[in-house]
Amino acid sequence: MAGFQSLPGFRDFYPEDFSRRQHLFRVWRQSARAHGFEEYDAPVLEPLELYTTKSGDEIEGQLFSFQDKGGRNVSLRPEMTPTVCRMVGARAGALKRPIKWFSIAEFYRYERAQKGRLRAFNQFNADIFGEAGPEAEIELIALLIQCLCGFGLTKDDFSVRLSDRDLWFFYLEALGFNDAQARGLLSAVDRYEKMGEDAFKACAEAPGGLAPELKDKVLSFLKIRSLPELEAVLAPCASEKISARLDDWRKVLAGLAAMGLGEFVGVDLGVVRGLAYYTGFVFEAFDRKGDLRALAGGGRYNDLIRKLGYSDLPAVGFAIGDVTTGLLLEQRGLTPVYVSAPDVYAVLGGPAERAAALGDIRQLRAAGWRVDYPFKDLAFGKQFKAAAESGAKLALIYGGDELAKGVVKIRDLTDRSEREVPRHQVLASVRTALSGP
RNA sequence: GCGAUCAUAGCUCAGUUGGUUAGAGCACAAGAUUGUGAAUCUUGGGGUCGCGGGUUCGAAUCCCGUUGGUCGCCCCA
């Protein structure tokens, strides 16, 4: 293979691929606007410290980072959250609350590609700032659901699993674990789905160990699948903190049920989400059948904006990736058929006819119609074939006879009917033919 | 960072125990066909067989290395 290839994990978007990607973006953008979110964008390249501050220095191994010619340590963005926090934090005092923002952007992570994961990918991000109550979660989860239903997916195709990092910590505290032990247990919970009970081995072997009866309590907690179960399990260790969290749980689930979205959402405390900056509800959207990685994920991060050096501002957000979503739509046959058809195809008799047609073509195009014509003079038969293959609805025929009579022949390529119209009425006739039923 | 597996035309693939000038279908282009359509027929362009080295009289084929794809591990914001 001569020449060059794209870099590993990066994709070329040929027109058909590009159109599929645009379909994702279109649905996401439309859903966000319908929910009252405003669109923003930001630089692809950021200071490296923006990410190490948020996630720790270890994160650099996963980043496309380098030193620029001015000696600055920089990184391609691996996610939008720190950037949007910076933007909102910088103008927090001036922005009307609640702040509901979304973006569609490309991100870069220096990792080995595998199914559903590449080095360059697109994400839809939506966040709400300035609202500490569960109303923000309701709004975002509703948006997330619409961002998937907009493709034709249903409650049988995916579900949103709702969990709560704060509640985990409160529960583990009530069971007598200290903070470090609780963190270890949560990372085991995160691995449980993949590894089963082996996930708890490290905790059991740690100093102090993990008593079997406590391990059973943790296991049964992460197997909870409904609000009543959750309330029952927490009843014995009720505290002010825990009952406040349960109030929020009731509000979120009731709000989503009121929206008619109750069947999309389930309680699942097995969802923890890797990095530890989430402070309350966390949620992920999953394919119900199949073994795809998460379609979307998010949660509340009330401390992050302060951590980045701005004032306190509660925040909750989520992201959907284009790679896994695209795979799921492909599996479900929900990828739209690619069509690239002009509205009008002009058939040109020869050089004189071409000259006459070009003026009309330019007018039709200025009016917004998509018009094509052959670059080279071709036999009529060939041109009609080309017109039909182009997928155009109308052919405009500029032949010697028509030119002499001062008319253009309009052929409807669907029903093969033809009629002649005066040259100066071409635009009006095309408009009528294309907008009528 | 680690492991498995694959790589022949734009796509899907064939290519015998190593043996002349590497093939097919689809796609693309031209012609049959200079006033009317998805068919048919004919013809054509397109390959340093991913790349580099080695073995051999001879390599798409065997060996080593390398790059890339796919799948998994680590990680997953």
Side-chain angles (χ1 to χ4, degrees), chain A residues 1-12 14-16 46 50-56 58-63 75-85 107-119 121 123 125 127 187 190-191 193-195 271-278 282 284 291-294 296-299 301 304 317-321 323-324 327 345 347-351 353 374-404 409-418 420:
Chain A
M1 216 65 68
F4 298 94
Q5 296 172 282
S6 60
L7 289 166
F10 284 70
R11 295 169 288 177
D12 289 324
Y14 284 85
E16 198 168 338
E46 292 275 19
L50 183 63
Y51 305 113
T52 51
T53 300
K54 175 192 164 219
S55 306
E58 321 80 60
I59 196 68
E60 196 176 347
Q62 316 285 322
L63 296 178
S75 174
L76 290 172
R77 60 185 173 199
E79 59 166 327
M80 194 56 109
T81 307
T83 297
V84 72
C85 284
F107 299 93
Y108 311 87
R109 296 179 188 176
Y110 199 84
E111 300 176 296
R112 283 295 290 265
Q114 52 188 284
K115 190 173 188 180
R117 192 213 268 181
L118 298 170
R119 284 186 171 181
F121 55 94
Q123 275 188 347
N125 273 262
D127 295 272
S187 83
D190 197 22
R191 273 188 280 263
E193 196 159 331
K194 194 174 252 178
M195 299 170 60
V271 173
V272 177
R273 296 192 61 74
L275 289 194
Y277 65 84
Y278 286 113
V282 291
E284 294 191 337
D291 51 355
L292 297 173
R293 54 182 65 240
Y301 49 98
L304 188 55
F318 73 88
I320 312 181
V323 182
T324 305
L327 284 172
Y345 194 94
V347 172
L348 313 174
E353 292 87 344
F375 285 162
K376 301 277 189 312
D377 291 328
L378 292 171
F380 270 95
K382 209 134 215 136
Q383 293 192 55
F384 279 107
K385 193 172 170 182
E389 284 177 353
S390 78
K393 291 183 195 67
L394 296 181
L396 290 189
I397 300 159
Y398 289 85
D401 303 344
E402 287 82 2
L403 216 56
K409 195 180 278 180
I410 300 184
R411 179 178 176 86
D412 185 314
L413 292 164
T414 315
D415 64 16
R416 304 191 179 200
S417 64
E418 288 183 348
E420 291 185 345

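To find a chain, count down the sequence lines: A is the first, B the second, and so on, and within it residues start at 1.
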Next on the checklist: Nearest to the A:Gln114 side chain among B:A77, B:G72, B:G69, which nucleotide is it?
Outcome noted: B:G72
Checklist outcome for this item: Rounded to whole Å, CZ of A:Phe318 lies from C1' of B:A77 at a distance of 15 Å
Item to check | Distance-only donor-acceptor test, A:Arg411 side-chain atoms vs B:U36 base atoms, 3.5 Å | outcome: yes
Next on the checklist: Within the 4.0 Å heavy-atom criterion, would you say A:Lys194 contacts the bases, only the backbone, or no part of the nucleic acid?
Outcome noted: base
Checklist outcome for this item: Between CZ of A:Arg293 and C1' of B:C71 the distance, given in whole Å, is 11 Å
Checklist entry - What is the distance, rounded to the nearest whole Å, between atom CD of A:Glu58 and atom C1' of B:C74? => result 14 Å
Checklist entry - Starting at CZ of A:Phe121 and ending at P of B:C76, how long is that distance when rounded to a whole Å? => result 14 Å
Next on the checklist: Need one value for A:Leu378: base, sugar-phosphate or nothing, where a base atom within 4.0 Å counts as base even if backbone is also close, heavy atoms only.
Outcome noted: nothing
Checklist entry - Any chance the side chains of A:Arg293 and A:Gln114 put a donor and an acceptor closer than 3.5 Å? => result yes
Item to check | Distance below 4.0 Å between A:Arg112 side-chain N/O and B:G3 OP1 or OP2 | outcome: no
Next on the checklist: Centroid distance below 5.5 Å plus an interplanar angle below 30 degrees: do A:Phe384 and B:G37 meet both conditions?
Outcome noted: no
Next on the checklist: Between A:Glu46 and A:Thr83, do the side chains contain a donor N or O and an acceptor N or O under 3.5 Å apart?
Outcome noted: yes
Checklist outcome for this item: Here the distance between atom C1' of B:C74 and atom CD of A:Glu111, to the nearest Å, is 10 Å
Checklist entry - Would A:Glu79 and A:Arg109 pass as an ion pair if we require N to O under 4.0 Å? => result no
Next on the checklist: Please determine whether any donor N or O and acceptor N or O are separated by less than 3.5 Å between the side chain of A:Glu418 and the base of B:U36.
Outcome noted: yes
Next on the checklist: Stem finding on RNA chain B, please: runs of three or more consecutive Watson-Crick or G-U wobble pairs, both distances under 3.5 Å, sorted by first number.
Outcome noted: B:1-7 with B:67-73, B:10-13 with B:23-26, B:28-32 with B:40-44, B:50-54 with B:62-66
Item to check | Rounded interatomic separation in angstrom, taking NZ from A:Lys385 and C1' from B:U34 | outcome: 16 Å
Next on the checklist: So A:Arg11, base contact, sugar-phosphate only, or nothing? Heavy-atom distance under 4.0 Å.
Outcome noted: nothing
Item to check | Sugar-phosphate, base or nothing in reach of A:Glu389, heavy atoms under 4.0 Å | outcome: nothing
Checklist entry - Touch check for A:Pro78, heavy atoms < 4.0 angstrom, all strands: base, sugar-phosphate only, or nothing? => result base
Checklist entry - To the side chain of A:Ile397, which of B:C76, B:G35, B:C71 is closest? => result B:G35
Checklist entry - Would you say A:Gln62's side chain and A:Ile59's backbone share a donor-acceptor pair under 3.5 angstrom? => result no
Checklist entry - If we take the C1' atom in both B:U8 and B:C49, what is their distance in whole Å? => result 4 Å
Next on the checklist: I need the full list of side-chain hydrogen bond (donor to acceptor under 3.5 Å, both in side chains) pairs touching residues 389-399 of chain A, with sequence neighbours left out, sorted by first then second residue.
Outcome noted: A:Asp360-A:Tyr398
Item to check | Phosphate OP1/OP2 of B:A77 contacted by A:Arg273 side-chain N/O (<4.0 Å) | outcome: yes
Item to check | Given A:Tyr108, A:Tyr110, A:Phe107, the one that forms side chain to side chain contact (heavy atoms under 4.5 Å, CB included) with A:Arg119 | outcome: A:Tyr110
Checklist outcome for this item: Closest of B:A30, B:U36, B:G1 to the A:Lys382 side chain is B:A30
